[in-house]
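Structure first, then comments.
In listed order, ligands and their atoms are each counted from 1. We use all heavy atoms of the structure for the numbers below, so side chains are in, but hydrogens, waters and symmetry mates are not. Nothing fancy with the numbering, it's 1 onward along the sequence.
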Amino acid sequence: MTNPNKIDAIRHEVKTYLAHDSTGHDIYHAMRVAKMGRFIAQEENADPDICEIAGLVHDLGRPMEKEKGVPHWGPEALQQIEMLLEKVGVESQRIKKVLQCVAEHEEYGFLGAAAPESIESRVLQDADRLDALGAIGIARTFMFAGAHAHAMYLPEEGNMNWSPTKLSKDAINHFHEKLFKLADEMHTNTGKKLAGERKRVMEDFLKSFMEEWRGEGYAS
Ligand code: ADP
Ligand code: NI
């Protein structure tokens, strides 16, 4: 078990990196993913410390990605994470496993990627994606759309296919192009169960959204 003070120290360090985020990758996202990572790991016999630490640091490279255009799962970001974890005194074997989780967390099955080999990598993917689903996922989607000056809903656009280099122009489309696909490709049984519940929250939301959009019940 990693010393709880070390986890606190990692959280404190991560906070300084993610302080200015307004696109859904703030310290609270990292803390939710870390907590979910530990929970899923305990249910699935993965290493809870690796999963919690990976959750805390997985988006550390986001500010650098924005500034320099280097991926937040690439070598530069991994080096940044390695330095942080060394500074806090995490054992090198653990650091190696955490870095592997971060390196693999942006690979998507619906874009053709195979599931990662290690259970901890699978847990991080599930935990990160669960935070894009449900009530929090809905809120993050509209935060993202607002931060990128996208519309709430453009019915004339139809449902487009998502790719990492092509952003949709409206928030509602994002549910179809990505979020429902994520919900259907969880790796762990715990992730699958939670994703099913969160998917229903999104379906109910979209149903109400569309009813209100169409003015159902009071249209003349
Ligand atoms: P992560 O891998 O941490 O989920 P993303 O950058 O893919 O990071 O997304 C961050 C948040 O913003 C997520 O909740 C995601 O669903 C949302 N998001 C990403 N792209 C879009 C988009 N084109 N429109 C609306 N929301 C988006
Ligand atoms: Ni994330």
Side-chain angles (χ1 to χ4, degrees), residues 11 14-15 17-18 21-38 40 51-66 69-74 77-78 80-81 98 101-111 113 116 120-154 157-187 191 194-195 198-199 201-202 205-206 209:
R11 191 181 303 124
V14 172
K15 204 171 176 176
Y17 278 89
L18 302 180
D21 181 274
S22 63
T23 62
H25 299 109
D26 56 16
I27 180 66
Y28 300 107
H29 166 65
M31 284 165 59
R32 288 191 301 268
V33 175
K35 191 171 184 179
M36 180 61 83
R38 171 167 285 276
I40 299 178
C51 297
E52 182 170 6
I53 296 171
L56 282 174
V57 300
H58 78 284
D59 275 333
L60 197 83
R62 292 275 184 181
M64 186 163 70
E65 181 178 71
K66 207 170 173 191
V70 294
H72 67 276
W73 63 92
L78 296 185
Q80 211 174 34
I81 295 168
V98 169
C101 293
V102 177
E104 294 174 340
H105 86 281
E106 284 288 344
E107 292 169 6
Y108 294 99
F110 70 85
L111 295 177
E120 285 77 20
S121 271
R122 292 177 192 215
V123 170
L124 176 63
Q125 283 197 1
D126 280 7
D128 190 24
R129 287 156 200 200
L130 280 165
D131 206 52
L133 308 178
I136 298 262
I138 295 169
R140 290 179 76 211
T141 297
F142 287 96
M143 285 288 289
F144 183 104
H148 289 78
H150 294 173
M152 184 165 75
Y153 180 39
L154 297 172
E157 289 285 327
N159 291 344
M160 291 175 294
N161 283 321
W162 180 84
S163 88
T165 52
K166 190 169 138 278
L167 298 176
S168 62
K169 298 193 196 90
D170 72 283
I172 292 295
N173 185 50
H174 192 63
F175 289 85
H176 303 289
E177 66 181 359
K178 190 174 178 196
L179 301 182
F180 288 124
K181 292 179 187 170
L182 291 184
D184 291 338
E185 59 175 53
M186 291 283 141
H187 303 298
L194 292 170
R198 292 183 183 202
K199 187 176 172 183
V201 171
M202 298 192 299
F205 166 79
L206 282 184
F209 183 98

message = I'd like to know whether Phe142 forms a side chain to side chain contact (heavy atoms under 4.5 Å, CB included) with Ile172, so could you lay out the CA-CA distance, the side-chain angles of the two residues, the decisive distance to 0.1 Å, and finally the verdict.
response = CA-CA 9 Å; Phe142 287 96; Ile172 292 295; 4.0 Å; yes

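Taking only non-hydrogen atoms, the option from His174, Gln125, His25 nearest to atom 5 (P) of ligand 1 is His25. The option from Glu177, Arg62, Arg129, Glu65 that lies nearest to atom 1 (P) of ligand 1, judged by heavy atoms, is Arg62. For atom 14 (O) of ligand 1, the nearest non-hydrogen atom from the set His72, Arg140, His58 comes from Arg140.
With Arg32 as the fixed residue, the salt bridge (Lys or Arg N to Asp or Glu O under 4.0 Å) test singles out one of Asp131, Asp59, Asp128: Asp131.
Between Leu179 atom CG and Leu206 atom CG the span is 9.0 Å, to the nearest 0.5 Å. To the nearest 0.5 Å, atoms CZ (Phe175) and OH (Tyr153) are separated by 12.0 Å. In this structure, CG in Leu194 is found 15.5 Å from CZ in Arg129, a value given to the nearest 0.5 Å.
By the criterion of a heavy-atom distance under 4.0 Å, the side chain of Glu106, and not its backbone, is placed next to ligand 1. Residue contacts with ligand 1 for Asp131 are absent, since no atom lies close enough (heavy atoms, distance under 4.0 Å).
In this structure, the side chains of Trp73 and Leu78 stay at 4.5 Å or more apart for every pair of heavy atoms. Considering only heavy atoms from C-beta on, Leu130 stays 4.5 Å or farther from Ile136 through its side chain.
Ring to ring, His58 and His25 are not that close: their centroids are 6.0 angstrom or more apart.
Heavy atoms of His29 approach ligand 1 to within less than 4.0 angstrom.
At a cut-off of 2.8 Å, measuring from the Ni ion (ligand 2), the protein N, O or S atoms that fall short of it are His29 NE2, His58 NE2, Asp59 OD2, Asp128 OD1, waters left aside.
Every atom of ligand 1 with a heavy atom of Lys178 under 4.0 Å away is listed here by number and element: 7 (O). Atoms of ligand 1 found under 4.0 Å from any heavy atom of Leu179, numbered from 1 in the order shown, are 16 (O).
Salt-bridge formation is not detected for the pair Asp26/Lys15: no Lys NZ or Arg NE/NH1/NH2 atom is positioned less than 4.0 Å from an Asp or Glu carboxylate oxygen. Salt-bridge check for Glu104 with Arg122: failed, with every basic side-chain N at 4.0 Å or more from each acidic carboxylate O.
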